[in-house]
Each structure stands twice: as structure tokens, then as C-alpha cells.
Amino acid sequence: MHDIPGKVIGLLLALVLCCIMPFLIITTEQEMVNRRLLTEDVSNFIDTVVDGRMVSDAELREFNSRMASYGAIYDYEIHHYQRTVNPDPATGNSYTVSYVEVDDWKNYEKGDKISVHIWEVSSSSTSRLAHKLTGMFIRDFDLTITARIR
């Protein structure tokens with residue numbers, strides 16, 4: 001009779017160790033792999049734009065489909081910073097380079113910059129379930145990568 005609480009605690013501990021912990025480990029590992037792959041996809045997209053000096057509709061469709069394949073919902077913004085070169089008013093012999101954000105983010109010139117900001121809108125269902133079961137929290141994905149056009 002006195003052993004019943006110990007058996008209940010043992011069963012709960014066995015449930016946690018055999019079912020819930022492997023689920024949490026797999027979920028966390030998959031989230032980290034997805035984030036690394038998403039970072040690679042953003043870098044590849046930027047490399048394509050840097051080499052081609054433009055964002056084509058086909059590249060944008062491929063980028064969107066890759067973002068949709070990871071389980072979580074992501075949103076992004078593409079910024080185009082146009083390079084301007086102005087003479088230095090103090091000396092007159094040197095030049096200053098500055099960047100101004102422009103609305104056209106599909107066509108680029110040499111020296112311009114492209115910046116892609118991507119963030120997580122909603123986490124995956126497995127991540128939400130892990131959070132509900134154990135309170136485990138994985139910080140939302142938020143990444144900005146910038147590159148200069150060659």
C-alpha cells in the first residue's frame with residue numbers, strides 16, 4: 001500500500017524519459033537544422049542576385065517555395081541600397097560613398113547593396129507542442145544578411 005506513490009512517480013518518470021524527452025530532442029534538432037538550411041537558402045538567393053544584378057520572378061518563386069518547406073511560417077523584406085558617390089565638400093579632392101534605400105529592389109548596379117531580412121511569423125506545430133508539453137522555448141528566427149553587388 002505504501003509503495004503506490006512510488007510506482008506512480010516511477011511511471012511518470014518513465015513516460016517522460018522514454019516518450020517526451022526523445023520528442024523534445026528530435027524537435028529541437030530539427031528546428032536547428034531548418035534554421036541552418038534557411039540561412040543557407042537566404043545566402044544562396046543573395047549570391048544569385050549579387051552575380052546577376054537582378055531579382056527575377058523565377059528566383060523569387062524558388063526562394064518563396066524554399067521558405068515554405070520548413071514547417072514554420074516566415075516573412076521577409078528585400079532592401080535595395082543604391083550607392084552614391086559625392087565629392088567631399090570640405091576638401092574637394094576626395095569623395096564620400098553613401099547608400100540610399102530605393103524602392104526598386106529588382107534591379108541593381110555595381111556597388112549597390114542588397115539586404116534580406118527574414119523573420120519567423122509562426123513556429124512549427126511540433127515546436128508549439130513541445131512548448132505546451134514542457135514549456136521549452138526556442139527563440140523566434142530573425143536574420144538579416146547584406147551583400148554588395150559585384
Side-chain angles (χ1 to χ4, degrees), residues 11-150:
L11 284 173
L12 289 175
L13 188 59
L15 175 70
V16 167
L17 291 175
C18 292
C19 298
I20 296 175
M21 287 308 293
F23 171 73
L24 290 177
I25 291 169
I26 290 169
T27 299
T28 306
E29 181 181 350
Q30 189 61 45
E31 285 289 321
M32 296 302 114
V33 167
N34 286 347
R35 289 176 180 208
R36 188 183 78 228
L37 291 173
L38 186 59
T39 302
E40 185 178 317
D41 287 341
V42 173
S43 295
N44 290 340
F45 174 74
I46 288 177
D47 287 344
T48 303
V49 175
V50 164
D51 292 339
R53 294 187 185 173
M54 66 176 291
V55 178
S56 70
D57 291 335
E59 292 166 349
L60 201 56
R61 276 192 305 273
E62 181 182 346
F63 182 61
N64 286 330
S65 67
R66 286 186 172 276
M67 279 186 16
S69 68
Y70 293 113
I73 299 172
Y74 298 99
D75 199 1
Y76 66 92
E77 293 176 342
I78 300 173
H79 299 279
H80 176 188
Y81 298 100
Q82 191 172 36
R83 179 179 178 216
T84 59
V85 179
N86 298 316
D88 188 8
T91 63
N93 294 335
S94 61
Y95 295 92
T96 59
V97 176
S98 60
Y99 292 91
V100 178
E101 186 173 1
V102 294
D103 291 335
D104 178 25
W105 52 267
K106 288 201 168 198
N107 300 304
Y108 296 85
E109 298 295 327
K110 183 178 181 180
D112 290 356
K113 289 184 180 180
I114 180 174
S115 179
V116 177
H117 177 216
I118 185 167
W119 65 94
E120 186 174 338
V121 175
S122 177
S123 58
S124 66
S125 58
T126 55
S127 179
R128 285 193 300 270
L129 181 61
H131 178 67
K132 293 289 184 194
L133 285 174
T134 63
M136 180 187 78
F137 177 74
I138 299 175
R139 185 182 302 247
D140 288 343
F141 186 77
D142 192 351
L143 173 73
T144 303
I145 298 179
T146 303
R148 194 168 64 93
I149 306 297
R150 288 184 242 152

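Scope of the values below: all heavy atoms of this structure, side chains included, with no hydrogens, waters or symmetry mates.
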Practice prompt. Could you please spell out the steps behind the salt bridge (Lys or Arg N to Asp or Glu O under 4.0 Å) verdict for E120 and R35?
Written response: CA-CA 10 Å; E120 186 174 338; R35 289 176 180 208; 3.4 Å; yes

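- Using modelled atom types and a 3.5 Å distance limit, the side chains of Q82 and H80 yield no donor-acceptor pair.
- Of all heavy-atom pairs spanning R148 and G111, the tightest one is CG-O, 3.6 Å.
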Discussion item. Checking I114 against Y81 for the side-chain contact (heavy atoms from CB on, under 4.5 Å) test, could you report, in this order, the C-alpha distance in whole Å, the side-chain angles of both residues, the deciding distance, and whether it holds?
Written reply: CA-CA 6 Å; I114 180 174; Y81 298 100; over 6 Å; no

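- Nearest approach of A72 to S122, heavy atoms of both residues: CB-O, 3.3 Å.
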Item to complete: In sequence, state the C-alpha distance, the side-chain angles, and the governing distance for R66 and D41, and then conclude on salt bridge (Lys or Arg N to Asp or Glu O under 4.0 Å).
Response: CA-CA 7 Å; R66 286 186 172 276; D41 287 341; 3.6 Å; yes

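- Salt bridge present: R150 and D51 bring a charged side-chain N and a carboxylate O closer than 4.0 Å.
- Not less than 6.0 angstrom separates the ring centroid of Y76 from the ring centroid of H117.
- Note: F141 and Y74 have perpendicular aromatic rings, judged against thresholds of 30 and 60 degrees for the angle between ring planes.
- Heavy atoms from other residues, nucleotides or ligands lying under 6.0 Å from CE of M32 number more than 12.
- In this structure, K113 forms a cation-pi arrangement with Y99, its terminal cationic atom sitting closer than 6.0 Å to the ring centre and no more than 45° off the ring axis.
- In this structure, K106 and D57 approach most closely via the heavy-atom pair NZ-OD1, 2.7 Å.
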Discussion item. Applying side-chain contact (heavy atoms from CB on, under 4.5 Å) to L60 and N64, what does each step give before you reach the verdict?
Written reply: CA-CA 6 Å; L60 201 56; N64 286 330; 4.2 Å; yes

